[in-house]
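In what follows, residues are counted from 1 in the order of the sequence shown.
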Amino acid sequence: MIWINKLNKPVTYVTVLLLAVVLLFVTQAKFEFKADQKERTFAPVQNDSGAAKGVPAQLPQESDFKKVAESDALRLNMDEKTGHFIVEDKRNGNVYRSYPNPQYWSQETISENWKKHLSSPLMVQYVDFSKTILQAKETNFAAEGGRVKDVQMIPGGFSLIYELPASGFTIPVQVKVENNYVETKIVREGIKESNMGLIWVRLFPFLGADYSAGQDGYMLIPDGAGALIRFKENQLNVNKLYDESVYGQDNAFGGMNNNRNRIMMPVFGMKADSKAFVAVLDKGEEYAEIVASPSGVLSNYNWVTAQMNFRASFLQFTSRNSPDEWGFAAYNKDELFGSDRVVRYYLLDNKKADYVGMAQTYRDYLMSEKGLKQLPAAEPNLPMHVDIIGGDQEKGVVSDRYLNLTNTSDATQMITSLENKGVKNMSLTYMGWQDGGYSSFGKTLPVDSSIGGNSGMKAFIDHAHRSKFRVYLDTEYAANNTGGGGFDGKFHAMTNLAGRNITLGLLYNNSRVPMVSEKFNEASVKKDLKLYKEMGVDGLAVNRTGQRLFSDYNTSYGSPRNEARNTQERILKNIKEELGGVQGKSSNFYALPYINHIQTMIYDHSYDLFTDEAVPFAQIAAHGLITYSSEYANNRQEDVKDFLRDIEYGAVPSFIFTRAETKDYVNAYGIRYYNTYFPNWVSFAAEQYKQYNDALGDVQSQFISNHKTLADNVKETTYANGKRIVVNYNLEPYRDEGLDVPAQSFIVIQGGGAK
C-alpha cells in the first residue's frame, strides 16, 4: 500500500498505522498503477478469468451470422450468441468484423486471458465496493461466460443486453447501419451494477483489428493535428500503448500530466491496404479515452478503440486544513458519468481509404451533423492576424508595478504602418487591455486608462473599421484572480470531488489561479455583452472556454463534464450572436460551430514513442470551414520550417506586437514573448504576408482535396479548385516529373503552370 504525500515528507511506522485506521472507514479507495501514469493509482490491474476460466478463447463462427439490416452502402450481419457483427461494404466488397481478423487467429501466441479479451465483444474494468481495500480488475465477456439477452431487431440493426455473471454487470447495447457508417451505442440508463463499481467499458474494442503481415496500414490517432502509427511486424516495445483522454485531462479527478498533446477531436481510424474506417465519437465523448495498441504490444494485432469511462479516481485528502496533507485515491460509489455512448464507424470506399479520406469524411460529419458551412469566397486577400498587448504587471518594491506596453494610439500607428506596407486584410486582437493588464483574469470593461481608456479603444476600433479590419478583445472569463464580475473563490470557483478548488498555474509568479464554474462564467459573459457591443468590437477572443473542459462539483454552480461542455457552447453561441465573431485558442472541435478562427491551432504530433509521423488531419477537416493560425511568426521555434508548414497546412499568418521593447517586460506576470518589438518586425511581417497571400489568398474558402508525400520531406497539398502547393523542407532542391522546388521553399501550381 502506497500513500501520497504531496510534500514527500518522511513517513514513520506510527504514521502509516494511523493512516491505515483512517482507511478502514473508507469504502471508495482504489489501488492500481497504470503504465501511462495518468492517474494516481497504486497496484497492477488484475485480470479476472471468472466463470469461463477453463474454456479456451475462440472467435465466432461466420456461419452463425445472419443478416439483420441493410443501408444503401452497407449490409449488417450479427451472431446472436455473442452479439458480434460483420458489416459488408456493398460498394467494394470489403468486410469489417467487430472482432480480430480470423485469418491470423491461429498464429496468436499471447496468454489465454488476453486471447479472451481479443475474442470478446466488450471489456470492462471495475472495483469491488464491498471490500475495504480495493483493486481495479479487468474482465470481459468470454472470461465470465457472459450471456446475451433480449436480442431485438430495431430500425437499421439490433439491440441486446450483455450480462456478465461474475462481476454482475448488465450493459445494454445497440448496433445499426445508416448510409456509410455502422453505429454502436451503450445505453446509459440500462446499465446495472451489483457490489462492483463500473470504471470503464470498451465496446467492440477490436473492430477491424489486423496483423501487419506486410500490409500498407496504419492507425490514425488524434495526437496533435493527427498522427499515424504505421503497421510494423515483430515489435517488442511493450510501452507503446497510446491512451489519452478526449478533450484533455479532467482536473476534477486525480491525474499526472504528461507532455503529449491534448486530444481536440473525438476521432480515430484504421487503414489496412484498401480497407479503412474513421470512427467519430458522436455522444458521450467527454468521458472517453482513445486507446491504440500496435502489433507486438499486447498482442500481434494492431487495434484502436474508444474506452468509455463511467468513473474516475480522485485524490481524497485526509485533512481539510491543508492542500499539502496526505491523501489516497478514491472513487465515487454513487455516480456513473454521462449519458449514452455512441461511436460511428464510417467505412471508406477504396479511393478514400487513407488519412485524407478520413479527414474529408470527418469534415462531412461536421457539416451534416454540427451545422458548419463552407466559408464564402468574398475577400480576395488572406487576413493577417495581429495581436497587440496593451499592458501587464510585474513585481515591484512595495506592490505590483504596471507595465504600459502598447497604448491605443500606438496600436493605431501600427496598423497604419502595416497597411501602408501592403497588408491588405487584418484581423486585430487587443490583449491586456483590462485594468491591471494581461495577467488580471476576470476583469472586463472599462479599458485601463493607462493605455487610453474606453475612448482610446473606441477610436482605435473606429480607425480599424474604416479600413474594414475586424477588432476583437481578448478575454479570460474561465479563470479569475481579481474578483472581477463579483467572483468569489469560495462560492464561484470550480470544485473537485474532494471539495478543493480547481486551480491552474497560468502565471509566471508561481500563483495558482482559480477556474470559474461554467454557469457563473455564462452569466458573467451574458451580462457584459451589451458593453462590448456599445464599444463596437466585432467579437471576443476566448482562451480556456472551448479549450479546457472539467467536471465541477461546486454545490451551487457545478456541472458534470458533459453539461460543462454544453454551457461552453452556449457561451460561445451567445457571443457570436450578439457581437458577430469569436476567436478560439487551441480550441476543441466542439467549439467549431461557434468560432470564426482558431489561434495557435496544434499542428504537430508529440514526438514520443507512439507515433511515426504527423499528418494535417485537423487542417484537412477544418480548411474552408474556418480559418486557423499556428504559432506567432515572430516567436517561432524554427522559422523556415514553421513557415513552410503553415504554407503546407493552409494556415494564415499571425503576429504579436508591442510598442515596448522586450527588455521592458521580461519579468511580467502573464506574458513571455521575446520578439514583439514592432519596429523590428514591421517590414518582415509585410514581406511574409505577401508570400502567404500569394500562395493561399485564393483558396481560403476551398476544401483540401488531397495531401501526400512526394519524397522525404517533400509534401504536396491540393485544393478543390485544382491548385497545388509543393513544399520542400530539404536543404537541397527537389526535382522530379517536371517539378523544380528550391531548397527550403515551395512552389504553387495553378492552371497548368508553376508560379
[X]: side chain to side chain donor-acceptor pair (under 3.5 Å) partners, not counting sequence neighbours:
X      : result
Tyr607 : Asp604
Ser745 : none
Gln413 : none
Thr412 : none

Can you find a side-chain donor-acceptor pair between [X] and [Y] that sits under 3.5 Å?
X      : Y      : answer
Asn381 : Asn693 : yes
Tyr532 : Glu578 : no
Gln583 : Ser427 : yes
Tyr669 : Ser511 : no
Asp223 : Ser606 : yes
Asp392 : Tyr665 : no
Arg548 : Asn543 : no
Asn501 : Thr503 : no
Thr627 : Gln700 : no

Please report the closest heavy-atom contact between [X] and [Y], naming both atoms and the distance.
X      : Y      : result
Ala464 : Leu428 : CB-CD1, 3.8 Å
Tyr402 : Gly391 : OH-CA, 3.6 Å
Arg561 : Tyr287 : N-OH, 2.8 Å
Ala564 : Phe550 : CB-O, 3.6 Å
Lys715 : Tyr729 : CG-CE1, 4.1 Å
Val423 : Phe469 : O-CZ, 4.2 Å

Side-chain donor/acceptor of [X] to backbone N/O of [Y], under 3.5 Å:
X      : Y      : answer
Gln249 : Asn251 : no
Thr408 : Ile451 : yes
Trp681 : Phe657 : no
Thr429 : Asp474 : no
Asn407 : Gly452 : no
His492 : Asp488 : yes
Glu661 : Tyr677 : no
Arg544 : Glu476 : no
Gln374 : Ser701 : yes
Asn588 : Gln547 : yes

Parallel, tilted or perpendicular, judged at 30° and 60°: which one describes the rings of [X] and [Y]?
X      : Y      : answer
His385 : His597 : parallel
Phe253 : Tyr553 : perpendicular
Tyr365 : Tyr362 : parallel

Practice prompt. Can you sort out the partners of Arg470 under salt bridge (charged side-chain N to carboxylate O under 4.0 Å, His left out), two or more places apart, ordered by chain and number?
Written response: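 Salt bridge (charged side-chain N to carboxylate O under 4.0 Å, His left out) check on Arg470 returns nothing, list empty.
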Salt bridge between [X] and [Y], side-chain N to carboxylate O under 4.0 Å?
X      : Y      : value
Arg565 : Glu286 : yes
Asp642 : Arg636 : no
Asp462 : Lys458 : yes

Worksheet item: Under the 6.0 Å and 45° cation-pi test, does Arg363 pair with Phe703?
Response: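 Because its charged atom sits under 6.0 Å from the ring centre and within 45° of the axis, Arg363 does stack over Phe703.
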Item to complete: Determine, using ring centers only, whether Tyr557 and Phe491 are less than 6.0 Å apart.
Response: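 Distance test on ring centres: not under 6.0 Å, no.
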Discussion item. With a 6.0 Å cut-off on the ring centroids, do Tyr649 and Tyr603 count as close?
Written reply: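 No - the distance between ring centres of Tyr649 and Tyr603 does not fall below the 6.0 Å cut-off.
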Item to complete: Please examine the side chains of Ile502 and Asp552, heavy atoms only from C-beta on, and report whether any two atoms are closer than 4.5 Å.
Response: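 A side-chain contact under 4.5 Å is absent here.
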Fill in: Side chains of Val542 and Thr475 in contact at under 4.5 Å (non-hydrogen atoms)
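Touching, per the 4.5 Å side-chain cut-off.
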Worksheet item: Taking only residues two or more places apart in sequence or in another chain, which ones pass side-chain contact (heavy atoms from CB on, under 4.5 Å) with Thr600?
Response: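 Counting only residues at least two positions away or on another chain, Thr600 forms a side-chain contact (heavy atoms from CB on, under 4.5 Å) with Lys585, Ser586.
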Enter the distance from [X]:[atom1] to [Y]:[atom2] here, rounded to the nearest 0.5 Å.
X      : Y      : atom1 : atom2 : value
Leu579 : Met535 : CG    : CE    : 12.0 Å
Asp528 : Leu473 : CG    : CG    : 11.5 Å
Thr567 : Phe520 : OG1   : CZ    : 14.0 Å

Worksheet item: In this structure, which one of Asp387, Thr658, Asn634 forms a side chain to side chain donor-acceptor pair (under 3.5 Å) with Thr676?
Response: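 Option passing the side chain to side chain donor-acceptor pair (under 3.5 Å) with Thr676: Thr658.
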Worksheet item: Going through the distances and angles, do Gln393 and Ser440 end up as a side-chain hydrogen bond (donor to acceptor under 3.5 Å, both in side chains)?
Response: CA-CA 9 Å; Gln393 298 179 80; Ser440 297; 3.2 Å; yes
